[in-house]
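Down below is the structure, laid out as structure tokens.
Letters A, B, ... mirror the listed sequences (proteins, then strands); counts begin at 1.
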Amino acid sequence: MTFFRGCIAVSTYLVIVFLFMQGHILLGAITVVLYTFAFSAVALLPLAIVLDGYYGAFYAAPVLSICAIGWYLLSETLRSAVNIVQSEHE
Amino acid sequence: MKVQSQRSYRRRRTIRVALVAILIVISGWFLPSVFAMISALIMSPFHATNQWLDESSSLVPTFIRDRQSLQEEIQQLENQLQISSRTSVTQQRLLLENNRLRGLLGASDESRVVAGVIARPNTLPYDFLQIDRGINDGIEVGAPVFVGTDIVIGLVAHTAQRYSFVELFTTPGFEATIFLSGPDVVAKMYGMGGGVARVSLPQGIPIQIGNLVHVPSVEPGVFGQIAYIESEPTQPEQYGYVTPNTALNSLYQVSVGRVSQISQSVEEIDERVRKEIQTRLVVEGVSLEVATSTNQATTSEQEEI
């Protein structure tokens, strides 16, 4: 990862944090999708857990964390499927 | 073979990461207060920044907040526009239905005389209008005067051969029984002069600015809207000040109806109904007299009855 790419990753990550904190859920979800395809969804897992803890979601149901885990599994499955197709064409 | 091992490695790593995350979530479920404390600690710089975005009067947060509020306002206005467009369609439908029902009932449209306004309150001493139609054109004293279709502004007070004077509802001392839509109450309206009339109501009746004032004696008759409310809790009454929807200085033409359009007032009708009820149970010619012992006298009394 180059320095420039790292800067973009960090700033996008911060944007995701503030979008969720400001209540722009739809915009946040779109940014999450872009971030996942550009980088990886692993970094989103701690973010979702921390946000759930911050908003006290662990007292009820940590929806954001569960969604993040689901999204991570889905994105990794898609990524591996795309890699298989690529390797077969090579 | 190498690709296969890489793929299985990635899959194993994905499952491991997911399992660790699930484990953390489950432990968070069991220890929510600990997680909340740790999260609050981690999120403190983000929390401060978020507060700054929410509350600061600096340029960037203000810009973001203004944009959001403008977007919300646009959304609200679009909703109102949708509702009002539907309302206008409903009004058109009701108007058509009203005309159709009036036609079915045989209610004929009243005839009106169009008159031009020669003089207005600023040139006449009191709240009067002078119009250029008189007895020659069929104007009668007491006929209602309209602006538009259903806004009634006063009554004809004097007619000459070729002109008439109209006494406006806002003339000082003019009294009319009105129906105030909104709180749906009947009240007295008094003219105050200067194009203003006053409705007095007891405290506690929820009148609002914009409530329509109907004059039920005149059909159809809307006078105006409540423009100002004077309500002091220590006083027994509250006052609503009414102004006509059209400014009197901008009046150019009015239409004059017929006296027959003014129906009996509610008080008169009430009085008549009460009299009717009171006299219904009285049978004429029945009188109670003292009975006598003789048969002849009793017979004569029975004959009287």
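- Smallest separation of non-hydrogen atoms from B:A40 and A:Y54: CA-CD1, 4.4 Å.
- Here B:S27 contributes atom OG and A:F58 contributes atom CZ; the two are 7.5 Å apart, rounded to the nearest 0.5 Å.
- A donor-acceptor pair is defined here as one N or O able to donate and one able to accept, closer than 3.5 Å; no such pair exists between the side chain of B:W29 and the backbone of A:A61.
- Within 6.0 Å of CG in B:L96 there are more than 12 heavy atoms belonging to other residues, nucleotides or ligands.
- Heavy atoms of A:A60 lying under 4.5 Å from chain B belong exclusively to its backbone.
- Rounding to the nearest 0.5 Å places CD1 of B:I22 at 11.0 Å from OG of A:S65.
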Q | Residue pair B:V17, A:E76: steps toward the side chain to side chain contact (heavy atoms under 4.5 Å, CB included) verdict | A | CA-CA 11 Å; B:V17 169; A:E76 287 302 315; over 6 Å; no
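- The distance from atom CZ of B:R10 to atom OG1 of A:T77, rounded to the nearest 0.5 Å, is 11.0 Å.
- Under the 30°/60° scheme for interplanar angles, the aromatic rings of B:F46 and A:F18 are found to be tilted.
- Within the model, atoms OG1 of B:T49 and CE of A:M21 stand 8.0 Å from one another, a figure rounded to the nearest 0.5 Å.
- The two residues B:S39 and A:G53 make their nearest non-hydrogen contact at OG-CA, 3.3 Å.
- If you run side-chain contact (heavy atoms from CB on, under 4.5 Å) between B:I42 and each of A:I49, A:V50, A:L51, only A:V50 comes through.
- Atom CG of B:L59 sits in a sparse spot, with 12 or fewer heavy atoms from other residues, nucleotides or ligands closer than 6.0 Å.
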Q. How far apart are the C-alpha atoms of A:Y72 and B:T14, what are their side-chain angles, what is the distance that settles it, and do they pass the side chain to side chain contact (heavy atoms under 4.5 Å, CB included) test?
A. CA-CA 8 Å; A:Y72 170 69; B:T14 306; 3.7 Å; yes
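- Within the model, atoms CD of A:Q22 and CG of B:L53 stand 5.0 Å from one another, a figure rounded to the nearest 0.5 Å.
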